[in-house]
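Since the structure is predicted, the reported quantities are computational estimates derived from the model, not experimental observations. Numbered from 1 within each chain, the chains take letters A, B, ... in sequence-line order.
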Amino acid sequence: MPSFTTHVSNLQAIGPVVEQLQIAVGSAVEGALRKAGVSIPSPVLTTAMIDTGATVSVVRQGLPVQLGLNPVGVAHINTPSSTNVACYEYLVRFVFPNNVVVEATVLEAPLQGQHIQCLIGRDVLAHGVFVYIGYGNLFSLSF
Amino acid sequence: MGQLLDVELRTYEQNRDQLLGTAEGKFALIRHNHVIGIYDSKMDAIAEGYRQFGNVPFLVKQILKVETPLNFMSNLLRI
């Protein structure tokens with residue numbers, strides 16, 4: 001079972017942050033680009049937070065443009081401060097540490113601050129096992 | 001959010017009742033004014049969209065009677 005384990009110095013304060021998450025175009029996008037003879041955009045290196053309070057995964061506004069992506073859907077979201085906000089949806093491939101690869105759709109939305117560029121939501125966790133070892137400041141994700 | 005997929009969303013609304021009658025719960029692939037096909041899974045519909053049209057905007061939408069927004073608890077979202 002492909003997996004990775006991460007140690008965070010203060011897991012309670014910082015949260016389950018993945019420092020080296022690559023976000024690449026999805027395999028269907030890659031196939032379409034190859035067919036068209038267009039070069040494949042390089043993956044974007046991001047810092048992500050695993051967020052069990054997020055129904056689906058989110059990437060920072062502007063990241064889909066960096067990957068040359070076009071939207072494949074629209075979803076409406078509720079946040080602590082807004083309701084029913086429409087967001088575009090894109091197909092991407094997450095490449096976690098240890099080369100753990102998960103294909104998913106993500107929503108594009110503005111995120112606070114500069115540190116976190118992606119929230120890994122329950123749509124991704126639905127395919128795996130997320131283990132949070134609070135007393136050891138460790139977490140692991142397996143698929 | 002910009003205006004990409006506005007035409008496709010209108011096309012879905014225009015065909016919604018008919019789609020609900022025949023394919024509730026499934027996923028519609030829509031490009032411009034056309035409902036291209038109905039698929040059992042979202043990923044199948046997206047893959048077919050890329051296969052037929054390439055890397056352009058298209059809409060994959062689940063056919064539902066009642067649509068509920070997705071919830072986010074985190075204050076990292078700036079909306």
Side-chain angles (χ1 to χ4, degrees), chain A residues 15 25-36 38 40-41 49 51-58 60-61 67-91 103-105 107-113 115-119 121-123, chain B residues 1-16 19 25-32 34-39 41-79:
Chain A
V25 299
S27 55
V29 189
E30 197 173 310
L33 293 173
R34 281 189 203 287
K35 194 173 155 188
V38 177
I40 314 297
M49 169 87 78
D51 185 354
T52 59
T55 310
V56 298
S57 300
V58 175
R60 176 184 294 282
Q61 203 161 37
L67 289 170
L69 290 172
N70 281 298
V72 298
V74 174
H76 289 81
I77 68 171
N78 291 339
T79 72
S81 54
S82 304
T83 56
N84 215 30
V85 179
C87 299
Y88 284 128
E89 194 171 9
Y90 301 85
L91 180 67
E103 187 125 336
T105 55
L107 301 183
E108 179 185 34
L111 294 174
Q112 298 276 12
H115 187 52
I116 302 294
Q117 290 107 39
C118 174
L119 300 178
R122 299 196 302 271
D123 58 329
Chain B
M1 206 181 81
Q3 293 177 337
L4 286 174
L5 301 183
D6 279 2
V7 172
E8 284 80 1
L9 287 167
R10 271 200 302 277
T11 302
Y12 175 76
E13 285 306 320
Q14 286 160 4
N15 290 276
R16 187 172 172 272
L19 290 168
K26 297 193 175 191
F27 294 84
L29 169 60
I30 299 170
R31 169 82 171 140
H32 296 323
H34 303 288
V35 178
I36 305 300
I38 306 296
Y39 302 86
S41 86
K42 184 181 186 178
M43 285 303 189
D44 285 350
I46 292 172
E48 184 60 18
Y50 278 110
R51 197 187 66 75
Q52 284 201 33
F53 306 115
N55 185 26
V56 297
F58 55 80
L59 178 68
V60 170
K61 187 155 178 61
Q62 190 170 21
I63 302 158
L64 295 171
K65 257 190 199 121
V66 179
E67 298 190 24
T68 49
L70 305 169
N71 289 312
F72 290 83
M73 303 299 147
S74 170
N75 62 4
L76 281 171
L77 278 167
R78 207 182 47 179
I79 38 180

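For B/Leu29, no part lies under 4.5 angstrom from a heavy atom of chain A. Both the backbone and the side chain of A/Val56 come within contact range of chain B, judged by heavy atoms closer than 4.5 Å. Residue A/Ile77 touches chain B through both its backbone and its side chain, counting heavy-atom pairs closer than 4.5 Å. Heavy atoms of A/Ala75 lying under 4.5 Å from chain B belong exclusively to its side chain.
When every heavy atom of A/Cys87 is checked against every heavy atom of B/Ile79, the shortest pair comes out as SG-CD1, 4.5 Å. Taking each heavy atom of A/Glu103 and B/Met43 in turn, the nearest pair found is O-CE, 4.0 Å. Closest approach of B/Asn55 and A/Gly68 over heavy atoms only: ND2-O, 2.8 Å. Here the closest non-hydrogen pair linking A/Asn70 and B/Tyr50 is O-OH, 3.8 Å. Smallest separation of non-hydrogen atoms from B/Leu76 and A/Met49: CD1-CE, 4.2 Å.
B/Met73 CE to A/Thr52 OG1: the interatomic distance, rounded to the nearest 0.5 Å, is 9.5 Å. For the atom pair CD (A/Glu89) and NZ (B/Lys61), the distance works out to 9.5 Å, reported to the nearest 0.5 Å. The NE2 atom of A/His76 sits 8.0 Å away from the CD atom of B/Glu67 when rounded to the nearest 0.5 Å. We find the OH-CD1 distance between A/Tyr90 and B/Ile46 to be 12.5 Å, quoted to the nearest 0.5 Å.
In terms of heavy-atom pairs under 4.5 angstrom with chain A, the leader among B/Leu4, B/Val60, B/Thr68 is B/Leu4. If you tally non-hydrogen atom pairs under 4.5 Å between each of A/Ser27, A/Ala54, A/Pro71 and chain B, the highest count goes to A/Pro71. When each of A/Thr105, A/Ile116, A/Leu69 is checked for heavy-atom pairs under 4.5 Å with chain B, A/Thr105 comes out on top. For the set A/Ser81, A/Pro80, A/Ala32, A/Gly121, the count of heavy-atom pairs under 4.5 angstrom toward chain B peaks at A/Pro80. The most heavy-atom pairs under 4.5 Å with chain B, out of A/Ala86, A/Gly53, A/Ser82, come from A/Gly53. Here A/Leu91 is the residue among A/Val85, A/Leu119, A/Val25, A/Leu91 with the most heavy-atom pairs under 4.5 Å with chain B.
Side-chain atoms of A/Tyr88 do not come within 3.5 Å of backbone N or O of B/Leu5 as any donor-acceptor pair. At distances below 3.5 Å, not a single donor-acceptor pair connects side-chain atoms of A/Thr79 with backbone N or O atoms of B/Phe72.
Side-chain contact between A/Asn78 and B/Leu70 is absent, with no heavy-atom pair separated by less than 4.5 Å.
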ask   = Are B/Tyr12 and A/Val74 close enough, and set up right, to give a side chain to side chain contact (heavy atoms under 4.5 Å, CB included), and what steps lead you there?
value = CA-CA 12 Å; B/Tyr12 175 76; A/Val74 174; over 6 Å; no

